[in-house]
Number of protein chains: 2
Amino acid sequence: MPQADTKTRILDAAEKLFARDGFHNTSMRGITGLARVNLAAVNYHFGSKDALLLAVIERRIVPLNQIRQEKLQTVLEKAQAAGQPPSARQLLQAFIEPTLAFRSSGPGAEDFIALIGRALSEPDETVRACFIQQVLPIFKLLFAGLHQALPELSDQILLTRLQFTMGAMSHMMCASTRPVLHLPGFPEPLQETEMVAELISFVCSGLEAPC
Amino acid sequence: MPQADTKTRILDAAEKLFARDGFHNTSMRGITGLARVNLAAVNYHFGSKDALLLAVIERRIVPLNQIRQEKLQTVLEKAQAAGQPPSARQLLQAFIEPTLAFRSSGPGAEDFIALIGRALSEPDETVRACFIQQVLPIFKLLFAGLHQALPELSDQILLTRLQFTMGAMSHMMCASTRPVLHLPGFPEPLQETEMVAELISFVCSGLEAPC
DNA sequence: AGCTGTTTCAAACGAGTGTTTTAATCATCT
DNA sequence: AGATGATTAAAACACTCGTTTGAAACAGCT
């Protein structure tokens, strides 16, 4: 196969290593070694390691968020057209499903999913801030939609439960490439599609829990 | 106040910095500087940075797991005495509440909670393996109890939902010292006690979701 | 061909890392 | 007091880190 150009090779390698080892635990030499590219190429093409991380995240998250935004808005518009509040399940589906469907979109995509799954709990601001900035508009949309779907919940409670939802979701995203508690004596983990369906059922029930 | 001995000062400082900045992003010089202790003291007392991490985790998690184990077994025994299956809510309470009550146990305890909250999603095996090894017996107990409480769920489904539970829980533990999505335009986060109650309600509903 | 701007390359830089070493200090015992 | 073992101290070790440098190789052009 004709090998991709330098920038792409760097992005692919960085994505894989950032996801597997974390940002600070990944070295420029590791990245350029895996990409079979000169060490200086990263600083030449991206400027710095931080800027490379930003590029890695943005490359994937911009189209992903676009899909999420479209799906969310479709749900909201259909509900408005029907003169009914949107259903919590549909909103969550619009938010969650694209994230994991995205994983099938290419060989490196699953690494990326693990990377952003861990982003929220990253200690380092570099990763976290970059990710939050990208996902905040979508999150606001989801929040507003769920507010209509579950009007009996106060803002505080809804936000709290949404945090739990994000926790369960990001945990699954991390665990996908590396099962967190897959040990002898425990059953095999579910397939991806079933896992997503289970997650949606789980957080739906959680969000709709009685106050 | 009489300052604690060297080992304790190192443990306290390391706990704080590991929790705030992550393991790899914390330097020995940072730890010994905060502890106002000589650089070589860590290697003298603990052997290595890795061994220090293990000591930091074990110091807190051993008594914590003891409490959890006792509470879990009390719930299980009471249920058996009554000839009824234990309730999922009580089992989850026994597992979750001590973790967060633990935070009030001392000035450094909340740092520790954030540290182990992040442990499951840590890319590094050093942290993850240590934590999993410690928590596995408790986890098995919880799993067995929930299996009685929710006999209609298959092993696979239960484990999957328990993973989501761990995700929501660890997310809250990370977020406690640093609210993840606390931004202008969003409501204030809940107090700790209410937060725990909300988490338990959330995961209870999630676990009991219809198949 | 020769020139021009872009990309690659090997090498080095300075700063920071965990760890080790060796000597000095302290506490505790006979 | 003096000797013994535990602890602390300052300094250096070998190594890796992200970044920069300046020359070489390559591209596309007139």
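The chains referred to below are lettered A, B, ... by the order of the sequence lines, with proteins before strands, and numbering in each begins at 1. Predicted model only: the values in this text are computed from it and were never measured.
- In this entry the distance linking CD1 of Ile10(A) with C1' of dC9(C) reads 13 Å, nearest Å.
- The residue Thr32(A) sits apart from the nucleic acid: no heavy atom pair falls under 4.0 Å.
- For the atom pair CD of Gln163(B) and CE of Met172(A), the computed distance is 11.0 Å after rounding to the nearest 0.5 Å.
- Of all nucleotides in DNA chain D, those with any atom nearer than 4.0 Å to a heavy atom of chain B start and finish, going 5' to 3', at dA6(D) to dA12(D).
- Between the P atom of dG16(C) and the CD1 atom of Ile31(B) lies a distance of 17 Å, rounded to the nearest Å.
- The stretch residues 49-59 of chain A has no heavy atom under 4.0 Å from DNA chain C, so no residue of it qualifies as close.
- Atom CE of Met28(A) is separated from atom OG of Ser48(A) by 7.5 Å, given to the nearest 0.5 angstrom.
- Without hydrogens or angle criteria, Lys49(A) side chain to Thr26(A) main chain gives a donor-acceptor distance under 3.5 Å.
- When the side-chain nitrogen and oxygen atoms of Ser27(B) are compared with OP1 and OP2 of dG16(C), none of them lie within a distance under 4.0 Å.
- Here the closest non-hydrogen pair linking Leu76(A) and Gly145(A) is CD2-CA, 3.8 Å.
- In this structure, the separation between CZ on Phe131(B) and CG on Leu120(B) is 5.0 Å, given to the nearest 0.5 Å.
- Separation of atoms OH (Tyr44(B)) and NZ (Lys7(B)) is listed at 9.5 Å; rounding is to 0.5 Å.
- The main-chain N or O of Ala209(A) is found under 3.5 Å from a side-chain atom of Arg161(A) such that the two form a donor-acceptor pair.
- For the pair Arg118(B) (side chain) and Cys174(B) (backbone), a donor-acceptor distance under 3.5 Å is absent.
- Using a 4.0 Å cut-off between charged nitrogen and carboxylate oxygen, Glu15(A) and Arg60(A) count as a salt-bridge pair.
- Rounded to whole Å, atom C1' of dG16(C) lies 15 Å from atom NE2 of His24(B).
- Near DNA chain C, meaning a heavy atom under 4.0 Å away, the residues from residues 37-46 of chain B are Leu39(B), Ala40(B), Asn43(B).
- A donor-acceptor pair shorter than 3.5 Å can be found between the side chains of Arg68(B) and Thr99(B).
- For the pair Val203(A) and Phe202(B), the minimum side-chain heavy-atom distance is below 4.5 Å.
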